[in-house]
Amino acid sequence: MELSLIALTPFLGAGFVAVISRLGRLHAAWGAGLVTLIALLFLLPFINTAFSGHVVVQSIPWIPHLGMELAFRLDGLGLLFVLLILCIGLLIILYARYYLSERDDMGRFYAYLLMFMGSMLGIATSENIIQLLIFWELTSLSSFLLISYWQMRHESRSGARMALAVTGGGGLALLGGFLLLGEIVGSYNLSDILAAGELIRNHDLYLPMLILVLLGAFTKSAQFPFHFWLPNAMAAPTPVSAYLHSATMVKAGVFLLARLFPALSGTSAWFWLVCFTGLVTLVVAAYIAMFKHDLKGLLAYSTISHLGLITLLFGIGTPMAALAGVFHIINHAIFKASLFMAAGIIHHETGTRDMRILRGLWKYMPHTALLAMVAAASMAGVPLFNGFLSKEMFFAETLFVVNQPWGWLLPIMATLAGIFAVAYSLRFIHNVFFDGEPTDLPKQPHEPPRWMKVPVEILVALCLLVGIFPAFTVEPILAVAASSVLQGPVPDHDLAIWHGFNTALFMSLAALIGGIGLYLIRKPLFSIQERMESLLDFRALYEFLLEKLLAVASAVTQFLNTQSLQRMLFIFMLFIMMLGIYGALATDYDYSLTGERGILPIDGVSLLIATVLVVAAAATVVMHRQRLVSLVLLGTVGLGVSLIFVKFSAPDLALTQLSVEVVTIVLMLLALYFLPQQSPDESGTWLRSRDAFIATAAGGGVALLVWAVLTRPYESIAGYFLDNSLPGGGGTNVVNVILVDFRGYDTLGEITVLALAGLGIYAMLEHLKIAGASHDSEGRAWDEDLHPTIMASFTRLLLPLALLVSLFILLRGHNLPGGGFIAGLITAVALVMQYLANGVIWTQQRLPINMHKVIGYGLLIATCTGLASWIFGYPFLTSTFSHIHWPVIGEFELASAMAFDLGVYLVVVGATLLILVCLGLVHHQSHQMRPRRRIR
Amino acid sequence: MELLIAIIIGVLTACGVYLSLRGRTFPVVLGLTFLSYAVNLFLLIMGRLTIGSPPIISDNAANYADPLPQALVLTAIVISFGMTAFVIILSLKSFLEMGNDQVDGKHRP
């Protein structure tokens, strides 16, 4: 799986960079560069194979029964994109090191950038389309982080959210499209899909699938009418814009068009959908770009327009057009990255990007000006620069559809877009570097640091080299990329500057002259445009739709949520009962209520306890408005339940229930002190009888269910646990062995829940101040003697004994009833007794233990015990044990499960005490606040 | 014996359901406690009723009670304690912040 390393290295590197950035500000930049170079190194072994036209596919099974593989692929198109992503990425990393200011967190920036780079590489090298989609969504997520890098700015956050909503939404459509595509082909592998073009195009599901896939591609590539996210994403730092909007993010959409070109293209649906979208985007965006006063805004719309051009080329669908599309992908990446960087330098050195303020910078930064001029000339399609070559191929291709109905419109619109492109490129140069002397610039402009210009110089040199010697520079990679787009031979093409006097040349000339003319009359055009500004505001439409969507969502919530727990619970109970009735009626299983299993005889003691329990329960309900009484009765019920556990061979449960009961009642008593002592009688007779009916029905149903279950025989998997408990887990108490060994993972989860409950309660009670009541509900004064001496003395005496018992219970738990849960509760009860009898402050002074730490160590010990078995090559939480002989005590068993049980013990003690002591402290506070009163 | 257990679990459930439908927080907490008693017992008796043979391995034991429901119930008891504690403190907090102990957090006329 060496191929996967190309895409995975940046992800690993992101963490590395984030860590080393703590050592020094610039470490992150060096680290990111290193990671990119390593990824390039991993590419090296495959370059020759890919260049020779072979496809490298490496896969490992992922979800075999669904036919899913983790598969990577490298062919010409993939190679081209990997090279673009890594090489331009390297330049961006260098550039950003000078661009970011002292205040910016470099570690975060480069970690995000590497995550984004990895996602893009994943798209370029995926063989499985579902895997491609995962990387696709990862680019949406990581670009969200990059665009919102300056989190404190509102426009960063809103721009990032918009980009995520639009491209993420498109990703969902794409998922639908890919699933349909997989259904049609019967495989999610690109190799199969690319070979099944005939089948796909003739399938009934072709059109819905095509629309969904195109939605994904168009949103990502900012095609009309989804283009509005891209200008708003300009709130990102300029290196991010330079990366996302030249070689990566937006190119993912056109990459997808190129990738699926052999499978999807060649139908009239493809032609019209893709051509029309591309053409509208090309012309409209080029037009808008002319009127943007923001440097980056101009570049943003120009990017949209060029993406429209590439989309249009793939839409035309001839092999030559596809080749031109690939060529323009390369050229646009090169010149647009350098232009964004130049715009960043101008902003960095002058403090503004507003072209109404910028002018005459030629005098102050001639070097930068020269670089920007070359790149802008390339963007305009001036001969000798790389943009000219692909643009001329584009003009030539538009002529091929003239024989279609309305086909003559295409070359005319293309020329028009060319005119706009020349005009805005001219404005970028003339407006910024000439046009008089700069006044009121925020900063005194000067050339940037030497190394900040190096990335721009490299890119600009490429513009010239490709523009003048295309056959020696770009031809090999273009040919191999185009052949993998076409999945066949590349059409004869001649990458040369001069092709003789043909229509395409005249179109180029017309664009150049028209563009210059248009720029000369820009002033009146600006005033016309200002009046039309609000006509085509898709951002407003997006916000309108978003607002409506949120309104609908909250309306649905309002409808479903009645805002009343009482009513919701009522509906819930009713619904459950209806489910039960439906289940009983709908199955034709066995209607007889009583099964064939024999029943046990009733003895006198059991009858007595059952009667007490039922009476106590009923009395709790009847007396529930007298809260203290009902609480006492509830305690009786709890004790009855633990007696049931004793009766039916569950000693562990009985011990647990007993100690939990004590803690629960104490806690509820403590809470009840602050709550009203009585519930008002507010539900009317009807409501009470309704609830009584529901309750009786539920209780009756459950009783019948219990009866039906108990009188039927059953089969259990208990045999396994009973057989393996001693030989496998080393303990004779099977319940405890299940808890700490067989199902130790569950127990770990459960003590975590308990720890969280404790911490949640701590958070609720922290700094809580309540004035305590001085009288009870019947007007009697509370006793001032908080800590009766006799009780205090006796509990102090009892403490060592209680702790000894809990230790005993903990140690014997593996073999006899006991264990961490029970021992923890007993310890907690023993300590709570001290708090109750001697007061919170007295006890805390003598027991200064931070319960948070106890909980933390408990969880740590439990987890480490689990991890330890990992180290020895066993599954998580496998127990081991041995017997040792201690003098006097005798044979003693040591099991690793005991360490786990110790963790459980600590968490239970910590959480229980944390809860009770927190509430106890609130009590102490309330006594302090209570008006003092003397008893005579 | 099966009949007794059925009645007990039925009564506990009925009490739990009735109390949890009340309009004040304290009875609802009591109701939840009742429901956890009922559910814990219900889970336990899924292993059927066995008297006098705890699941502790020894040479002279003829048979054992089903240990699996017991292990499930043991953690369930502790978790329901955590839940009860959380809910009662939540109701205390809500009482202090809202000024009343209505479950819906508001005064009704």
Side-chain angles (χ1 to χ4, degrees), chain A residues 564-566 569-570 573 599-600 602 606 610 613-614 617 621 624 627 630 634 641 648-653 656-657 660 664 667-668 671 674-676 679 691 694-696 698-700 702-703 706-707 710 716 718 721-722 725-726 732-735 738-739 750 753-754 757 760-761 764 821 915, chain B residues 1-2 4-15 17-21 23-24 26-27 30 33 37 41-42 44-58 64-68 70-71 73-75 77-79 81-82 84-86 88-89 92-93 95-96 101 103-104:
Chain A
S564 160
L565 179 73
Q566 218 175 346
L569 269 180
F570 173 70
M573 299 286 183
I599 60 171
L600 298 164
I602 299 175
S606 304
L613 206 155
V614 168
V621 172
H624 82 265
R627 293 183 172 180
S630 65
L634 182 79
V641 171
F648 297 116
S649 316
D652 284 279
L653 297 191
T656 317
Q657 180 69 51
V660 160
T664 309
L667 180 72
M668 284 169 87
F674 297 111
L675 287 169
S679 305
D691 291 348
I694 291 269
T696 317
V702 170
V706 169
W707 176 256
L710 283 181
S716 169
F721 298 107
L722 291 165
S725 174
L726 192 53
T732 53
N733 183 1
V734 186
V735 175
I738 292 176
L739 284 177
E750 274 143 2
V753 172
L754 191 64
I761 288 170
M764 280 196 280
F821 278 114
I915 295 168
Chain B
M1 206 59 101
E2 278 79 359
L4 279 185
I5 284 294
I7 291 172
I8 289 172
I9 297 180
V11 169
L12 289 176
T13 312
C15 294
V17 170
Y18 183 80
L19 285 178
S20 57
L21 288 173
R24 300 282 167 161
F26 195 77
L30 293 187
T33 317
Y37 290 151
L41 280 177
F42 187 82
L44 177 78
I45 57 102
M46 286 299 111
R48 303 303 185 272
L49 303 183
T50 323
I51 296 174
S53 39
I56 290 169
I57 309 290
S58 82
Y64 301 105
D66 195 334
L68 201 55
Q70 295 197 14
V73 172
L74 202 153
T75 47
I77 294 174
V78 180
I79 293 277
F81 162 65
T84 310
F86 195 85
I88 188 84
I89 301 296
L92 175 60
K93 187 89 174 169
F95 172 67
L96 293 173
D101 63 344
V103 284
D104 302 338

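Just so we're on the same page: letters track the sequence lines, and every chain starts at 1.
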B/Leu44 side, atom CG; A/Leu653 side, atom CG - distance, nearest 0.5 Å
6.0 Å
Counting only non-hydrogen atoms closer than 4.5 Å, does A/Leu600 touch chain B with its backbone (N, CA, C, O), its side chain (CB onward), both, or neither?
both
Is B/Ile45 close to chain A through its backbone or its side chain, or both, or neither, when contacts mean heavy atoms under 4.5 Å?
both
Taking all atoms of both residues into account, what is the closest heavy-atom pair of B/Leu30 and A/Ser630, and its distance?
CD1-OG, 3.4 Å
Which atoms of A/Ile599 come close to chain B, meaning under 4.5 Å heavy atom to heavy atom: side chain ones, backbone ones, both, or neither?
both
Answer yes or no: is there a side-chain heavy-atom contact under 4.5 Å between B/Leu19 and A/His624?
yes
B/Leu49, B/Ile8, B/Ile7: which one forms the most heavy-atom pairs within less than 4.5 Å of chain A?
B/Leu49
Atom group of B/Thr33 that falls short of 4.5 Å from chain A, counting heavy atoms:
side chain
Toward chain A, the part of B/Leu74 with a non-hydrogen atom under 4.5 Å:
both
Which region of B/Ile79, side chain (C-beta onward) or backbone (N, CA, C, O), has a non-hydrogen atom less than 4.5 Å from a non-hydrogen atom of chain A, or is it both or neither?
side chain
Below 4.5 Å from any heavy atom of chain A, which atoms of B/Phe42 appear? Answer side chain, backbone, both or neither.
side chain
Engaged part of A/Phe570 at the chain B interface, taking heavy atoms whose separation is under 4.5 Å:
both
With a 4.5 angstrom heavy-atom cut-off, could you sort out which part of B/Leu12 is near chain A: side chain, backbone, both or neither?
side chain
Separation between CD1 of B/Ile51 and OG of A/Ser606, rounded to the nearest 0.5 Å
6.5 Å
Report the option among B/Val11, B/Ile9, B/Thr84, B/Thr75 that has the most heavy-atom pairs separated by less than 4.5 Å from atoms of chain A.
B/Thr75
Contact winner vs chain A - B/Gly10, B/Ser20, B/Pro27, heavy-atom pairs under 4.5 Å:
B/Gly10
Rounded to the nearest 0.5 Å, how far apart are CG of B/Leu68 and OG of A/Ser716?
6.5 Å
Determine the minimum heavy-atom distance between A/Ala757 and B/Gly82, stating which atoms define it.
CB-O, 4.0 Å
Atom CD1 of B/Ile88 and atom CG of A/Leu675: how far apart are they, to the nearest 0.5 Å?
6.0 Å
For the candidates A/Val702, A/Asp691, A/Val753, which exhibits the highest count of non-hydrogen atom pairs separated by less than 4.5 Å from chain B?
A/Asp691
Side chain, backbone, both or neither of A/Leu565 within contact of chain B (heavy atoms, under 4.5 Å):
both
If you count heavy-atom pairs within less than 4.5 Å of chain A, which of B/Thr13, B/Leu41, B/Ile56 leads?
B/Ile56
For B/Gln70 and A/Ser649, work out which heavy atoms get closest and say how close.
NE2-O, 2.8 Å
Under 4.5 Å from any heavy atom of chain A, what part of B/Val73 do you find: side chain, backbone, both or neither?
both
Against chain B, label A/Phe648 side chain, backbone, both or neither, depending on which of its atoms sit under 4.5 Å from a heavy atom there.
both
Residue, of A/Ile694, A/Thr696, A/Asn733, that accumulates the most heavy atom pairs under 4.5 Å with chain B:
A/Asn733
Please determine, among A/Ile761, A/Thr664, A/Thr656, the option with the most heavy-atom pairs under 4.5 Å with chain B.
A/Ile761
Where is the tightest heavy-atom contact between B/Phe95 and A/Phe674, given as atom of each residue plus distance?
CE2-O, 3.1 Å
Leading residue by heavy atom contact count with chain B [cutoff under 4.5 Å; candidates A/Glu750, A/Met668, A/Arg627]:
A/Arg627
Heavy-atom pair of closest approach, residues A/Ala695 and B/Val17:
CA-CG1, 3.8 Å
Spatial distance of atom CD1 (B/Ile89) from atom CE (A/Met764) [nearest 0.5 Å]
6.5 Å
Which atom of B/Ile57 lies closest to which atom of A/Leu722, heavy atoms considered
CD1-O, 3.5 Å
Could you look at B/Tyr18 and say if it's the side chain, the backbone, both or neither that has a heavy atom under 4.5 Å from chain A?
both
Rounded to the nearest 0.5 Å, the CG atom of A/Leu613 sits from the OH atom of B/Tyr37 at a distance of 9.0 Å
